[in-house]
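Convention: sequence-line order gives letters A, B, ...; per-chain numbering from 1.
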Amino acid sequence: MSAKVLRLGDFLKMVYEALEILDRMREVGVTPSSSAMTILFRLLLRVGDYGSVWKLLRGMIREGPRPCNFNFNVIILCFCQKGYVRIGESLLYVMQKFSCQPDVYTYNILISGYCTRGRTSDALGVVHLMIKNGCKPSLVTFNIVINAFSKQGNMEEARKIFEGIQEVGLSPNVEMYNTLMNGYFKASDVDQVNILYEEMRNRGLAPDGSTFNILFAGHCKYGREEDSHRLLRDLSYLGFLPDCSLYDITVAGLCWAGRLGEAMEFLEDMLEKGIPLSVIAFNSVIAAYSRAGLEENANRAYKVMAMFGLVPSSSTCSSLLLGLSKNGRLQEARGLLHMMIEKGFPINKVAFTVLLDGYFKAGDITGAHSLWHEMEARGIYPDAVAFSAFIDGLSKAGLLEEAYDAFLDMSRKGFVANNFTYNSLIHGFCKCGKLHEALKLEREMRQKGLLPDIFTINIIINGFCKEGRMKAAIDVFTDMHRIGLTPDIVTYNTLIGGYCKVFDMVGADEFLNKMYASGWDPDITSYNIYIHGFYSTRKTSQAVMMLDNLIAVGVFPDTVTYNTMLNVVCTDILDRAMILTAKLLKMAFVPNVVTTNLLLSHFCKQGMPEKTLLWGQKLSEISFTFDKVSYKIMEKAYIKVQNKVKPLRATSAKSLFLDSLMYITYDYFRRISTNGKTSQDPQTN
DNA sequence: CTAGGGTTAG
């Protein structure tokens, strides 16, 4: 079911009908109220008819009502939301021309406009301007700026302003302490948080709900059990009652600490004992499971909640939506989003961003585009995160021109590109072989004062490795120390993979040793890279040895390991393949779409394209979700069958063997598609 | 809520 979107045509008609009504009022000598004018301004700004806004203002001067601060604030706010913060700022002078003095709200709108776009220095410029114009900044003003610096992780600046306001005789409020403590938590500076809390209490400021949430969540996340208990004691001493029960808090605490199983157990235990729980406890669990990509568990928690008659809230739905998006169940996710809108839940930019990312990750570019346009149609202004997700998705899809356009659009709307944005674009350029462009962007980000981070460097090293330019990759690796970056496990794995790609197993080993020397133990990815390296150099026994190795050192093999080994199995001589298969099957691996793809492609490669199509058919009968690669493989098989290209015929034994591997995989998916059928749309009554 | 390494395809 799709939600109703007001069509632009209808909307325009409405706006101009409203203007006609205004004219008629004027004709009969009725002066409209200021608030009526505000509504008209809002409508005109929404459709972008700035000419009429101007005309309306002049009409007000001639015939009243006199424009008030509020009228202007609405106009400035709109420009800020659309990204024209500069224009908003220039409207300050227009205001003064209409003999309106900008008030603290006006300035706060502008400051907030700059801050949400990461333009903290512009924001500080407005603060100075307001002081110069004789308007005293309020605590809110400073809070906006402190929050912006905290979000950027720039705690020194945040702190400086915090100290500064005290010098001018202002006393920080609870919100300000909350903001600062939140920032220090993000910077992992728990001690600083504790000091601030002490200070706040000594000043006689009482913690509020946000203080509690920030501190409790932070202490749980950092495993500071003592701190969280001390907080609870302190609050109960103050007579502070959190807006949920202690049981809810316990569940939330376990979730924040990442102890999800325990949280769910506790929940079920409470319910069994007949202790009532609120939506909050369930929301914590559902959110945590969804974030971890464990959508099945999230859904189970939701069902328990519904069974006990609890009505899902906006955040329940957002969390379920996150889980669905992460699992590629996009129709359901979009349906849920529309349902949320119909239920009147506030429009949720985060939910849109999550879904957008989901479409891209599933390779559904059309879906992503349609959602992006729907956002626009609904008047949701993408923020820096939404833009970054959009740019990243387009880059990964190889649509670099469009990604770059979005990047320009983002700066036009006043956002300062951050490392997320640049890294996504740089990755995109590397991916399609335009290393030169990638390096140009890296220079550009440095010129803009952004520091290339470990992500940037790893992306660039990977770019060189992909092209087999190991010398250049090593140069970047050597240079990263100079700019103060330490290689991490991804750096080493990337370089080891690079050597494997050029079949230089000696070079790979050399880097493996370097990795050990700098204190990193190989992880499952390192082993997978090695196994694939041995596979591509046809060193089957070495690949098997690696598998034994990784298990011996206690690393858990995953689906990628299984798939890579399956590749070995498919190309190996039959006797050895069967022994290896027996070994693999004992490990109870979970196949995925890549497993299916590689088996389908082996049929094709080994002269049995009709089997590719046959199994493809069988899989689609159980509504298996294929991806882009699956379709490419089947398309290729189809062409082969059509052209009757069949020079080599596989031995019937090998054919039977591949069939049995495919059957095992097919059977797995058949079983989960019949057991896992769930209906998870929340129903609110 | 957004960025990096490993499996299929090319």
ask   = In whole angstroms, how far is the C1' atom of B:dT7 from the CZ atom of A:F589?
value = 12 Å

inquiry  = Just the rounded figure in Å: distance from P of B:dC1 to NZ of A:K151.
reply    = 12 Å

ask   = Is it true that the side chains of A:N597 and A:D627 contain a donor and an acceptor less than 3.5 Å apart?
value = yes

ask   = With respect to the side chain of A:T564, which nucleotide from B:dT7, B:dT8, B:dC1 is positioned closest?
value = B:dT7

ask   = What pairs meet the ring-ring contact (aromatic ring centres under 6.0 Å, His included) rule with one or both residues in residues 456-485 of chain A, with sequence neighbours excluded?
value = A:F477-A:H481, A:F477-A:Y492, A:F477-A:F511

request  = For A:T494, report the nucleic acid contact type (base, sugar-phosphate, nothing); a contact means any heavy atom under 4.0 Å.
outcome  = sugar-phosphate

request  = Kindly point out which of B:dA3, B:dT8, B:dA9 is positioned nearest to the side chain of A:L598?
outcome  = B:dT8

ask   = Are A:T116 and A:D383 close enough that a side-chain donor and a side-chain acceptor fall under 3.5 Å?
value = no

inquiry  = In whole Å, I'd like the distance from the CZ atom of A:F387 to the C1' atom of B:dC1.
reply    = 15 Å

inquiry  = I need the CG-P distance between A:L566 and B:dA9, as an integer number of Å.
reply    = 12 Å

request  = Using a 4.0 Å heavy-atom cut-off across all strands, classify A:L600 as base, sugar-phosphate, or nothing.
outcome  = nothing

request  = Describe the nucleic acid contact of A:K636 in one word from base, sugar-phosphate, nothing, applying a heavy-atom distance below 4.0 Å.
outcome  = sugar-phosphate

query = Within less than 4.0 Å of OP1 or OP2 of B:dA9, is there a side-chain N or O belonging to A:S601?
reply = yes

ask   = How close do A:K654 and A:D572 get, heavy atom to heavy atom, and via which atoms?
value = NZ-O, 3.3 Å

task = Please tell me which of the listed nucleotides, B:dC1, B:dT7, B:dT2, lies nearest to the side chain of A:N592?
result = B:dT7

query = Counting side-chain heavy atoms from C-beta on, which of B:dT7, B:dA3, B:dT2 comes nearest to A:V560?
reply = B:dT7

task = Using distance alone, with no hydrogens and no angle criterion, decide if A:N567 and A:H602 have a side-chain donor and acceptor under 3.5 Å apart.
result = yes

ask   = Base, sugar-phosphate alone, or nothing: which one does A:K361 contact when heavy atoms must sit under 4.0 Å apart?
value = sugar-phosphate

ask   = Nearest of B:dT7, B:dA3, B:dA9 to any side-chain atom of A:K605?
value = B:dA9

query = Could you give all pairs that pass the ring-ring contact (aromatic ring centres under 6.0 Å, His included) test and reach residues 393-425 of chain A, with sequence neighbours left out?
reply = A:F387-A:F415, A:Y404-A:F407, A:F407-A:Y422

inquiry  = How many whole angstroms separate atom CD1 of A:I496 from atom P of B:dT7?
reply    = 14 Å

inquiry  = Given B:dT8, B:dC1, B:dT2, identify the nucleotide with an atom nearest to the side chain of A:N597.
reply    = B:dT8

Gap between atoms NE2 and P, on A:H602 and B:dT7 respectively (whole Å) = 14 Å

note = Rounded to whole Å, CG of A:D627 lies from C1' of B:dT7 at a distance of 12 Å

ask   = What does A:K396 touch in the nucleic acid at a heavy-atom separation under 4.0 angstrom: a base, only the sugar-phosphate, or nothing?
value = sugar-phosphate

request  = Examine the side chains of A:K326 and A:S290 and answer whether a donor and an acceptor come within less than 3.5 Å of each other.
outcome  = no

message = Under a 3.5 Å threshold, yes or no: a donor from one side chain and an acceptor from the other, between A:N563 and A:T595?
response = yes

message = Let's test your reading of the model: under 3.5 Å, does the base of B:dT2 pair with the side chain of A:S388 as donor and acceptor?
response = yes

message = Using whole Å, what does the distance between atom P of nucleotide B:dA3 and atom NE2 of A:H427 come to?
response = 11 Å

query = Contact class for A:V385 vs. all strands (heavy atom < 4.0 Å): base, sugar-phosphate, or nothing?
reply = base

request  = From the options B:dT2, B:dA3, B:dC1, select the nucleotide whose nearest atom is closest to the side chain of A:L322.
outcome  = B:dC1

request  = Specify the residues of residues 431-456 of chain A, ordered by number, for which at least one heavy atom lies under 4.0 angstrom from an atom of DNA chain B.
outcome  = A:D453, A:I454, A:F455

